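For clarity, every value in this text was computed on a predicted model and none was experimentally measured. Heavy atoms only: backbone and side chains are in, while hydrogens, waters and symmetry mates are out. Per chain, numbering begins at 1; letters A, B, ... match sequence-line order.
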Protein chains: 4
Amino acid sequence: MFIEIETTSDIPIYTQLVNQLIGLIAAGILKPNEPLPSVRSLAADLGVNMHTVNKAYHELERKNILKIIPKSGAVVNDLKIPTEQQISTITQLLKPIIAESIVYGMQEEEIVSLASLLFSEYKEG
Amino acid sequence: MFIEIETTSDIPIYTQLVNQLIGLIAAGILKPNEPLPSVRSLAADLGVNMHTVNKAYHELERKNILKIIPKSGAVVNDLKIPTEQQISTITQLLKPIIAESIVYGMQEEEIVSLASLLFSEYKEG
Amino acid sequence: MFIEIETTSDIPIYTQLVNQLIGLIAAGILKPNEPLPSVRSLAADLGVNMHTVNKAYHELERKNILKIIPKSGAVVNDLKIPTEQQISTITQLLKPIIAESIVYGMQEEEIVSLASLLFSEYKEG
Amino acid sequence: MFIEIETTSDIPIYTQLVNQLIGLIAAGILKPNEPLPSVRSLAADLGVNMHTVNKAYHELERKNILKIIPKSGAVVNDLKIPTEQQISTITQLLKPIIAESIVYGMQEEEIVSLASLLFSEYKEG
DNA sequence: GTGGTCTAGACCACG
DNA sequence: GTGGTCTAGACCACG
């Protein structure tokens with residue numbers, strides 16, 4: 001698992017974990033139906049508390065990205081078509097960043113290229 | 001000032017303020033070189049703590065979006081070309097959202113259109 | 001036996017088994033004095049651990065719904081009139097659900113109709 | 001707050017708390033828009049850990065029964081009309097209990113009266 | 001062996 | 001002062 005936690009960051013560890021796990025799934029390194037490491041083993045690997053990993057897993061379950069199977073583990077869900085709610089979530093997250101890019105003087109072309117580039121980077125490797 | 005604060009939201013008030021001020025600047029409602037309302041008056045308007053508005057202004061200064069002139073007030077900076085650092089900031093903010101959209105099954109076309117749409121809404125609306 | 005176990009559910013398998021067996025008895029599919037399948041065969045059928053089926057059977061015996069005859073098997077009891085204790089059990093189970101329905105804004109008419117509907121579905125279908 | 005926790009029960013403390021708080025709301029003792037005690041004060045009152053109360057509050061928020069306002073407290077939501085999902089939740093909870101009552105030999109009339117009685121007890125005090 | 005629950009205690013961000 | 005986050009450590013239910 002290529003996960004790196006910055007304990008000095010002011011982003012909560014469980015949020016860092018959520019983001020990095022999403023990144024690994026987006027990059028295809030963690031595949032649908034593939035089991036994630038147990039909360040205990042991942043916590044030991046990363047040197048963080050079991051509860052912190054557990055919170056990240058539950059956050060990902062809430063986002064419908066994985067399914068926690070009690071006493072067994074967690075597996076990545078196979079999502080094919082985004083739901084209305086998921087598109088709305090992405091829109092709400094995107095809004096303030098687009099605004100910020102405009103304020104910085106970026107052009108539509110630039111922000112669109114950037115989004116496109118990042119998309120390809122995940123998809124292709 | 002068309003700012004609405006949701007005191008019950010779990011997004012900190014100062015973050016809401018930062019985002020809404022960025023939105024107003026992106027939409028051209030607050031223009032470069034235009035002075036912002038004083039910390040005191042904006043706080044009174046919104047019914048929030050003075051320190052909260054102050055924190056938002058300093059956050060915007062840190063982002064180089066406005067300039068705080070002690071004893072005088074704050075003015076919107078005139079940003080024409082994004083700096084390396086600002087592009088890097090936007091990239092870092094965009095990354096986890098693009099990843100999340102991929103995990104939800106969104107296509108490149110969809111995410112690019114969404115970014116483009118949001119960009120236009122600010123610029124034209 | 002029309003029993004379906006969801007191994008990914010967060011309801012324990014033995015609880016699912018208890019509920020489904022109660023459902024089959026309520027629907028008249030399993031009849032009084034009729035022997036249940038052996039722990040071993042049911043476990044094999046469902047692909048679950050023998051101990052899990054055993055635990056479910058003992059839970060049903062504790063509820064006085066079936067009788068386990070050691071070395072022989074389990075048979076459905078013929079219950080005609082509910083005991084005080086059974087009515088008390090049902091009351092205790094019902095209480096928090098009625099409370100939750102009230103909190104959700106349901107009317108007495110609605111909850112009573114729902115109970116009545118579910119009753120008929122078991123009895124007639 | 002008339003809440004009693006049984007530490008010896010095998011029902012998790014946070015579940016007991018959830019049920020009792022729902023009961024207090026159903027009975028109108030806790031009213032819509034009324035603030036609940038802080039997690040710390042309620043935990044101290046009941047002699048349980050802060051995190052346990054916190055978990056109960058979050059569970060009630062998930063059920064849309066209250067709203068947690070970070071740094072401020074929690075307030076009871078004002079629910080007027082049950083959503084589809086809430087009716088479905090109640091139905092799923094009711095099902096196995098209705099089945100169990102049938103197995104015990106209860107008649108439709110009895111179970112309906114019981115539901116009606118419990119409803120009235122909450123509503124009228 | 002796994003996740004679930006709970007405790008005790010700590011520091012922090014927000015306002 | 002509040003909830004949010006995190007840790008360290010414990011016992012338990014399930015299977």
Side-chain angles (χ1 to χ4, degrees), chain A residues 5 7 9-17 35-44 46-59 61 67-74, chain B residues 5 7-17 43 46-56 59, chain C residues 5 7-17 43 46-56 59, chain D residues 5 7 9-18 35-44 46-59 61 67-75:
Chain A
I5 297 300
T7 47
S9 164
D10 54 352
I11 300 172
I13 295 175
Y14 83 89
T15 305
Q16 293 182 46
L17 254 172
L36 273 76
S38 79
V39 290
R40 275 175 171 75
S41 67
L42 184 54
L46 301 175
V48 302
N49 194 280
M50 184 198 79
H51 293 101
T52 307
V53 176
N54 202 29
K55 186 165 186 176
Y57 278 20
H58 276 93
E59 178 68 14
E61 188 178 47
K67 171 142 191 59
I68 296 170
I69 305 167
K71 324 298 169 191
S72 162
Chain B
I5 298 299
T7 49
T8 64
S9 163
D10 51 354
I11 300 171
I13 295 176
Y14 86 91
T15 304
Q16 292 183 47
L17 253 173
L46 301 175
V48 302
N49 197 296
M50 219 184 68
H51 295 77
T52 307
V53 176
N54 201 36
K55 183 163 185 178
E59 178 70 13
Chain C
I5 297 300
T7 49
T8 65
S9 163
D10 52 354
I11 300 171
I13 295 175
Y14 85 90
T15 305
Q16 293 183 47
L17 253 173
L46 301 174
V48 303
N49 196 296
M50 217 183 69
H51 294 78
T52 307
V53 176
N54 201 35
K55 185 164 185 177
E59 178 69 12
Chain D
I5 297 301
T7 45
S9 163
D10 54 351
I11 300 172
I13 295 175
Y14 84 89
T15 305
Q16 293 182 46
L17 254 171
V18 165
L36 273 75
S38 78
V39 291
R40 276 176 170 74
S41 68
L42 184 53
L46 301 175
V48 301
N49 194 279
M50 184 198 81
H51 292 99
T52 306
V53 176
N54 202 30
K55 185 164 187 176
Y57 278 18
H58 276 93
E59 178 69 12
E61 188 179 47
K67 171 141 189 63
I68 296 170
I69 306 166
K71 325 298 171 193
S72 163
V75 295

Does F/dC14 have a Watson-Crick or wobble mate here (both distances under 3.5 Å), and if so which one?
E/dG1
Send over the distance from D/L46 CG to E/dA8 C1', rounded to a whole Å.
17 Å
Please report the shortest heavy-atom distance between D/P35 and D/V75, naming the atom on each side.
CA-CG1, 3.8 Å
Send over the distance from D/I69 CD1 to F/dG4 C1', rounded to a whole Å.
15 Å
Under a 4.0 Å heavy-atom criterion, the protein footprint on nucleotides 10-15 of chain E, written with B, S and -, is -B-BSS
Any chance you could measure B/D10, atom CG, to B/T15, atom OG1, to the nearest 0.5 Å?
11.0 Å
Can you check whether A/L17 reaches A/V53 side chain to side chain, under 4.5 Å on heavy atoms?
yes
What is the distance from NE2 of A/H58 to P of E/dG3, rounded to the nearest Å?
10 Å
Please give, in whole Å, the distance from F/dG4 C1' to A/E59 CD?
13 Å
D/Y57 OH - F/dG3 P separation (whole Å):
8 Å
What is the separation between atom CG on A/N54 and atom C1' on F/dT7, rounded to the nearest whole Å?
14 Å
Distance (rounded to the nearest 0.5 Å) between A/H51 NE2 and D/H51 NE2
9.0 Å
Check B/S9 against B/Q16 and note the closest heavy-atom contact, atom names and distance.
CB-NE2, 3.5 Å
Does some side-chain heavy atom of D/I13 sit less than 4.5 Å from a side-chain heavy atom of D/L46?
no
Over how many whole Å does the gap from D/L36 atom CG to F/dT2 atom P extend?
13 Å
Nearest nucleotide by nearest heavy atom, which residue falls closer to the 5' end of DNA chain E, D/G47 or A/S38?
A/S38
